[in-house]
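Written out below as structure tokens is the structure these notes cover.
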Amino acid sequence: MAKKLISSVRGMNDILFDKTPIWQYVETAIKQVLDSYGYQEVRLPILETTELFSRSIGEVTDIVEKEMFSFIDRNGDNLTLRPEGTAGCVRAGIQHGLFHNQTQKLWYIGQMFRHERPQQGRYRQFNQIGAEVYGLKGPDIDAEIILMTARFWRQLGLNNLTLQINSLGSVEARTVYKQKLVDYLSDYYEQLDSDSQRRLRTNPLRILDSKNPQMLPIIAKAPQLLEYLDTESQEHFSQLRELLDKVGIKYQINPCLVRGLDYYNRTVFEWVTDCLGAQGTVCAGGRYDSLVEQIGGKATPAIGFAMGIERLVLLLLQSDLPIPTNSPDIYLILVGNEQVINHGWCLAESLRDALPNLRLVVNCGDGSFKSQFKRADKSGAKLALVLAEDELANQKIALKYLREKRPQVILEQSELINYLKNLD
RNA sequence: GUGAGCGUAGCUCAGUUUGGUAGAGUCCCGGAUUGUGAUUCCGGUAGUCGUGGGUUCGAGUCCCAUCGUUCACCCCA
């Protein structure tokens, strides 16, 4: 008889009311900072053609090879749930002519999808906030992006994040370096672990990022990317560092910091923490000067970053920072006949008219004084208002403080709005 | 995709070693001088023990499979 229970798709989680206040807190704080730097919001489709991602992220990356949710739709088109936000943003910019002799500072928020094995801080549907800047090639905008991300953490009260930066140089310089690295590592092929042997073919730069301690001696002696940078990239990188130093942003240069997506060049950066286990990257980004052209637009320099909201929420939950709630200010207790109830609802509506920011819950469903007070307490309300037949008859209302030791007061109903206005 | 741990009441878990009538706390509902919550006391609701096979007179417990979940590898935000 009982139907089989339908549950959510693996790695795709419901965020319920116990968590939404902290999500709203994070989103509001970050939007406020983006706004203050003059970035403008764009809202982009979750579904794009598969080709967009294979052309931008890179055919041989793990994301494109085995992590995308792709399917053929009714028309026979090959579509993909976006695994990241940059490609769609570039596509939209080209499509609407936003890059034609203009600069743009854009941001977006939304769900991304990757078919990975779920673990802490990594889910198949996850939420990112990202920003992208187009048409500016100098290190000043790289610095602005990094300064803005630093301000996010200050705004949220997070102080356990560290900044790592690196430069990948030009595409040409990186290609030369990549060959040098492959040559070097090939000499030690037998000593490489199986992951690194595989990456030697797929993404050699990632071997530098290996977590296997046995790889460290080999990596330590490997040729350094920074030594192979072209002079323009070196200049760009040193100007960026100078700017960060001047403003007083602390950073570590991590020569092993390479990004997983093919389109990055020059500046790359990550904000990392050791509080989240294996998924320690909270925010990451970099410059991608060739991507717009690669997708079919006019060559346009660009830089961007994205942060995982789930990871920010996890960090806030771990911290001692006060977790915001959305519990009501007032719970209105109504006991008595129909006249009491009717009058109570009218009173509640007049309070909402007079105090638009008031969070007021009116008791629904019957209940004794006792049970209604229990509900009032459980709601987290600071105050309980009591309206019953006595109060109705005398035009009064009782007000009780539920969270502090203060005596209950009896007010004229006509005084109530003024009394509440003067509370905060 | 690989490995390890865990699936018993809405939630947190005991019970599995040694097979024998399904347990606790919490939550929720009601009551303890019928107009006052959060403390205390009493009572009540609540589970085909993840699912499907197998062994057995008998399985939450043993065996196999499968799904889910957690963490790590990998990948990355």
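Below, chain A is the first sequence line, B the second, and so on; all start at residue 1.
- In the interface, the side chain of A:Glu391 is paired with the base of B:rG35 through a donor and an acceptor atom under 3.5 Å apart.
- Taking every side-chain heavy atom of A:Glu67 into account, B:rC75 is the closest of B:rC71, B:rA77, B:rC75.
- Contact annotation: A:Arg10 reaches the phosphate of B:rU69 (side-chain N/O to OP1 or OP2, under 4.0 Å).
- Ring-to-base geometry does not place A:Phe373 in a stacked arrangement with B:rG37 (centre distance under 5.5 Å, plane angle under 30° required).
- A:Gln408 comes within 4.0 angstrom of a nucleotide base, judged by non-hydrogen atoms across all strands.
- For the pair A:Gln279 and B:rC76, the criterion of a side-chain N or O lying under 4.0 Å from OP1 or OP2 is not met.
- In this structure B:rG37 sits in no base pair that meets the Watson-Crick or G-U test at under 3.5 Å.
- One interatomic measurement links the two molecules: CG of A:Leu276 to P of B:rC75, which rounds to 19 Å at whole-angstrom precision.
- Rounded to the nearest Å, the gap between the C1' atom of B:rA46 and that of B:rU8 is 14 Å.
- Contact annotation for A:Gly121: base contact, defined as any heavy-atom pair under 4.0 Å involving a base atom.
- A salt bridge links A:Glu412 with A:Lys396; the closest basic N to acidic carboxylate O contact falls under 4.0 Å.
- When the nearest nucleotides of RNA chain B are assigned to A:Asp390 and A:Arg311 by heavy-atom distance, the more 5′-ward of the two goes with A:Asp390.
- Pair assignment for B:rC28: B:rG44, on the basis of Watson-Crick or G-U wobble contacts that are both within less than 3.5 Å.
- Classified by interplanar angle (parallel below 30°, tilted 30° to 60°, perpendicular above 60°), the ring pair A:Tyr134/A:Tyr288 is perpendicular.
- Among the heavy atoms of the strands lying under 4.0 Å from A:Lys378 are primed sugar atoms or P, OP1, OP2 only; no base atom is included.
- When the C1' atom is compared between B:rG5 and B:rC42, the two are found 41 Å apart, to the nearest whole Å.
- In this structure, A:Arg198 atom CZ and B:rU2 atom P are separated by 14 Å, rounded to whole Å.
- Among the heavy atoms of the strands, none lies under 4.0 Å from A:Ala376.
- Relative to the side chain of A:Val386, the nucleotides B:rC74, B:rG37, B:rG35 differ in distance, and B:rG35 lies closest.
- No salt bridge links A:Asp377 with A:Lys374; every basic N to acidic carboxylate O contact stays at or beyond 4.0 Å.
- Rounded to whole Å, the C1' atom of B:rC49 lies 16 Å from the corresponding atom of B:rG68.
- For A:Phe369, counting side-chain heavy atoms from C-beta on, the closest listed nucleotide (B:rC73, B:rA77, B:rU36) is B:rU36.
- With a 3.5 Å ceiling on both atom-pair distances, the Watson-Crick or G-U wobble partner of B:rC73 is B:rG1.
- The side-chain heavy atoms of A:Leu79 and A:Phe71, taken from C-beta on, include a pair separated by under 4.5 Å.
- Residue A:Arg117 places no side-chain N or O under 4.0 Å from the OP1 or OP2 atom of B:rG3.
- Residue A:Lys400 is classed as a base contact, given a heavy-atom separation below 4.0 Å to a base.
- Taking atom CG of A:Asp209 as the reference point, atom P of B:rA77 lies 12 Å away to the nearest angstrom.
- In summary, A:Lys180 and A:Asp183 do not engage in a salt bridge, as defined by a charged side-chain N under 4.0 Å from a carboxylate O.
- A:Asn203 has its CG atom 13 Å from the P atom of B:rC74, to the nearest Å.
- Comparing the C1' positions of B:rU39 and B:rU26 gives an interatomic distance of 16 Å, to the nearest angstrom.
- Taking the centre and axis of the six-membered ring of A:Tyr188, the NZ or CZ atom of A:Lys221 falls outside the cone set by 45° and 6.0 Å.
- Figure legend. B:rG68 is base-paired to B:rC6; pairs are counted as Watson-Crick or G-U wobble with both atom distances under 3.5 Å.
- Rounded to whole Å, the separation between the P atoms of B:rG50 and B:rU45 comes to 23 Å.
- Side-chain contact of A:Thr267 with A:Arg287: a donor-acceptor pair under 3.5 Å is absent, judged by distance alone.
- Both A:Asn212 and A:Tyr123 lie close to RNA chain B; mapped to their nearest nucleotides by heavy-atom distance, the more 5′-ward contact belongs to A:Asn212.
- Closest to the side chain of A:Thr281, out of B:rU36, B:rC73, B:rC76, is B:rC76.
- The OH-P distance, from A:Tyr331 to B:rA38, rounds to 14 Å in whole Å.
- Comparing the C1' positions of B:rA9 and B:rA22 gives a spacing of 10 Å, expressed to the nearest Å.
- Across the protein-nucleic acid pair, A:Leu314 atom CG and B:rC71 atom C1' stand 14 Å apart, rounded to whole Å.
- Comparing the P positions of B:rA32 and B:rU70 gives an interatomic distance of 45 Å, to the nearest angstrom.
- Using a 4.0 Å heavy-atom criterion, one finds that A:Val335 contacts no nucleic acid atom at all.
- When heavy atoms are screened at a 4.0 angstrom cut-off, A:Gln119 is found touching base atoms of the nucleic acid.
- Rounded to a whole Å, the CD atom of A:Glu116 is 12 Å from the P atom of B:rG1.
- Across all strands shown, B:rA14 forms no Watson-Crick or G-U wobble pair with both distances under 3.5 Å.
- Nucleotides B:rG10 and B:rU48, compared at atom P, are 8 Å apart to the nearest Å.
- In this structure, the CG atom of A:Leu332 is 18 Å from the P atom of B:rU36, given to the nearest Å.
- As judged by a 4.0 angstrom heavy-atom cut-off over every strand, A:Arg122 is placed among the base-contacting residues.
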Q) Are A:Ser196 and A:Asp193 close enough, and set up right, to give a side-chain hydrogen bond (donor to acceptor under 3.5 Å, both in side chains), and what steps lead you there? A) CA-CA 5 Å; A:Ser196 296; A:Asp193 59 21; 2.7 Å; yes

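- Using cut-offs of 30° and 60° on the angle between ring planes, the pair A:Phe305 and A:Phe152 is tilted.
- Distances shorter than 4.0 Å separate some side-chain N or O of A:Lys370 from OP1 or OP2 on B:rG37.
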